[in-house]
Amino acid sequence: MEVERDQWGSKIGFILAAAGSAIGLGNIWKFPYLVGENGGAAFIIIYLLSILIIGLPTVIAEVLIGRTAQKNPVGSFRQLSQNSLFWTAVGGIGVFAGFVILSYYNVIAGWCAGYVVESVKGSFAAINDPAMAGEFFSGLSGNPLWTLGFHALFMFMTVGIIYFGVSNGIEKAAKILMPLLLFFMLALVVRGVTLDGAQAGIAYLMKPDFSAINERTILLALGQAFFSLSLGMGALLTYGSYMSKNDNLVNCSLNIVILDTFIALLAGFMFFPALFALGLHPDQGPALIFNILPSMFNAIPAGGFFRIIFFLLLSMAALTSTISLMEVITAFFTEEFNLSRQKATIFLGGVVFLLGVPSALSFGPMRDIHIFGKTFFGVADFFASNILLPLGGIFILVFVGWFWGMKKAIPNLLQGIQGRSNILLNIWKILVKFVAPVLVLIVLLFKIFG
Ligand code: PHE
């Protein structure tokens, strides 16, 4: 039986949903602390170069595979490779990565929702320094009932949206959540830059210190580009498979990349001016959001209100990402096993919840259980974002550039485009065939053996 396939209601619906996938904890939580640890503006410049040279061409290639085949990652690779077992398995790696990433990403997303609740309850009122905030955070994240409860709640919300399908679920959610997210962020940026002493933070984001750059910076920037763009595991492929062949794929991809980059930069402008205004150092690491920030709001006029807004926007950004991960595995199960979407989502929600339990407990009862020197959570994150995503990226590039080949890729790419530019087309070809795969391979090898 051929499953009736849903499509995006509009081009803007696709752009918002895909940008929603890309924009997430990677932009708002990880990007600012990487900037803070790696020299501010200098890191930003390297990041922007990675996005331009590798990110954008790979986004186009991945969306193109999905739009051409109109199937889930496994089905798409199988169809375009004419049943090659190897390439079908490559699609399978993407679905597998979807399971792994969703299982731990949802745990952090759950914390964000939990912090909305704590902010509303007024739990941070008496927490005035980062050390106290850190203790409070360890208490919550180490409490199995609290972490697992919000992990379950977030999974429930994710399933609740995916249950209603592509145009009625994902697209509707993105159309509501994305503008709201932007609005909340702008409110926080205005709050931050109007604080006394904010200029130092703005300067930090604008004046590059190139002495802070070394090979590690470049590796981090490239890895971050992949994670932030949701590249290399079939999320953009799956979203692309619901895209109309009459829409301009290059233009859509460009919009997605610009939105994702803009929001990451905006997140920088949301944190650093406020951080500097309060006399804190920028290099706070991953603790930035859950340790430093909650207490920081107490020193800001109307901070209690802005704290709620902040964790709300963080939860919304995470939600549009968890639904994209869920859609990858849902599309796979409905199409390959002929399950109904409703049954598949409920079943998968349960499975991913269980898979996430060891990650959730990695901050409490299981914090001393180490594999390769990392907690379960640490291993899942390292394995997915440092190995599976770049590997998936290389496969996508090699597939489009060499195996499926440009002869077939280009006519499909040009469908829906009026007026082609041969120069841009040639640049894309060179980046996809040579430059991007080689650079990603170098990064991957460095990450594994470096
Ligand atoms: N891009 C998302 C973020 O920045 C994370 C993500 C990765 C989502 C891979 C889907 C697939 O948070």
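Whatever order the structure lists ligands and atoms in, that order sets their numbers, starting from 1.
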For residues 256-274, which side-chain N or O atoms pair as donor and acceptor with protein atoms under 3.5 Å away, sequence neighbours left out?
residue : atom : partner : partner atom : Å
Asp260  : OD1  : Asn27   : ND2          : 2.7
Asp260  : OD1  : Ser228  : OG           : 3.3
Asp260  : OD2  : Ser228  : OG           : 2.9
Thr261  : OG1  : Val257  : O            : 2.7

Legend entry - No-hydrogen, no-angle side-chain donor-acceptor test under 3.5 Å, Thr217 and Asn38: no
Inset, instruction - Under the ring pair (Phe, Tyr, Trp, His ring centres under 6.0 Å) rule, what do Phe337 and Phe332 come out as? Steps first, then yes or no, please. - result: CA-CA 8 Å; Phe337 299 102; Phe332 170 73; 5.7 Å; yes
Inset, instruction - For a side-chain hydrogen bond (donor to acceptor under 3.5 Å, both in side chains) with Ser241, tell me which candidate from Arg67, Lys71, Gln70, Arg5 qualifies. - result: Arg5
Inset, instruction - Write down, by chain and number, every protein residue that brings a non-hydrogen atom to less than 4.0 Å from an atom of ligand 1. - result: Ser21, Ala22, Gly24, Leu25, Gly26, Asn27, Tyr105, Phe227, Ser228, Ser230, Met233, Ser321, Ser324, Leu325
Only distances under 3.5 Å count here; give the side-chain donor-acceptor pairs of residues 383-391 to other protein atoms, sequence neighbours excluded, each with its distance to 0.1 Å.
residue : atom : partner : partner atom : Å
Ser385  : OG   : Asp381  : O            : 2.6
Ser385  : OG   : Asp381  : OD1          : 2.9
Asn386  : OD1  : Lys447  : NZ           : 3.2

Legend entry - ring-ring contact (aromatic ring centres under 6.0 Å, His included) contacts touching residues 35-73 (sequence neighbours left out): Phe31-Tyr47
